[in-house]
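A short write-up of the structure that comes next.
By convention here, the first residue in the shown sequence is residue 1. Quantities reported herein were computed from a predicted structural model and do not represent experimental measurements.
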Amino acid sequence: MKLIIRVLLSALAVVLLAKLLSGVYVDSYTTAIIVAIVLSLLNFIVKPVLVILTLPVTILTLGLFLLIINAVIILLADQLVPGFGVENIWWALLFSLLLSFLQSIFFSVLKEPKETF
């Protein structure tokens, strides 16, 4: 159940950012849900491979190259999902930063409070 809620919250974040950023667009709410699913699959499958392949550059830039990898994942999702578009890598970089920020806020709602005794 939490997985479905996480996907729906990610889709909500995609829709909000598409309305906020002029370089990003989403056709419909269904497309936003598909984008959320595709992004999570790409982050699960493709991102670890890219991180390993670019490990020397990532170490050299003290981890800042991971931002570029996130932008590339967004651009890849742009190519895979019809109805979702990002104009260039700069919009993808901004979109990925804001999406991570919104997801952290939204997902904090899902955390169960810890009991203290």
Hey, what do you get for CZ (Phe65) to OG1 (Thr58), rounding to the nearest 0.5 Å? 6.0 Å
Are Val7 and Tyr29 linked, directly or through other ILVMFWY residues, by side chains that come within less than 4.5 angstrom of each other? no
Rounded to the nearest 0.5 Å, how far apart are CG of Leu66 and OG1 of Thr61? 7.0 Å
Please name the pair of heavy atoms, one in Ala36 and one in Ala11, separated by the smallest distance, quoted to 0.1 Å. CB-N, 3.8 Å
Check for me, please, whether Ile69 and Leu97 land in the same ILVMFWY cluster - side-chain distances under 4.5 Å, paths through other members count. yes
Determine, using the 4.5 Å side-chain heavy-atom cutoff (strictly less than), whether Ile73 and Leu64 are members of one ILVMFWY cluster. yes
Mind listing the closest non-hydrogen atom pair of Ser22 and Glu87 along with its distance? O-OE2, 3.8 Å
Correct closest heavy-atom pair for Ala32 and Val26 would be N-CG1, 3.7 Å
Output for pair (Leu9 CG, Arg6 CZ), nearest 0.5 Å, gives 9.0 Å
Do Val24 and Ile74 come close enough that some side-chain heavy atom pair is under 4.5 Å? no
Flag side-chain contact, heavy atom, 4.5 Å: Phe106 against Leu16: yes
Looking at Val86 and Ala92, what are the two nearest heavy atoms and their distance? CG1-N, 3.4 Å
Is it possible for you to say whether Val14 and Val38 belong to one hydrophobic cluster, with membership spreading through side-chain heavy-atom contacts below 4.5 Å? yes
Search all heavy atoms of Ser10 against all heavy atoms of Phe107 and return the closest pair with its distance. OG-CZ, 3.4 Å
Are the side chains of Leu98 and Leu21 in touch, meaning some heavy atoms are under 4.5 Å apart? yes
Rounded to the nearest 0.5 Å, how far does CG of Leu39 lie from CZ of Phe44? 15.0 Å
Nearest 0.5 Å, please: how far is CZ in Phe95 from CG in Asp78? 10.0 Å
Heavy-atom side-chain contact between Asn70 and Leu93 under 4.5 Å: no
To the nearest 0.5 Å, what is the distance between CG on Leu94 and CG on Leu99? 11.0 Å
Specify the closest pair of heavy atoms between Thr31 and Phe84, including all atoms of both residues, with the distance to one decimal. CG2-N, 4.0 Å
Answer yes if Leu17 and Leu12 sit in the same cluster of Ile, Leu, Val, Met, Phe, Trp and Tyr residues linked by side chain heavy atoms under 4.5 Å apart, and no otherwise. yes
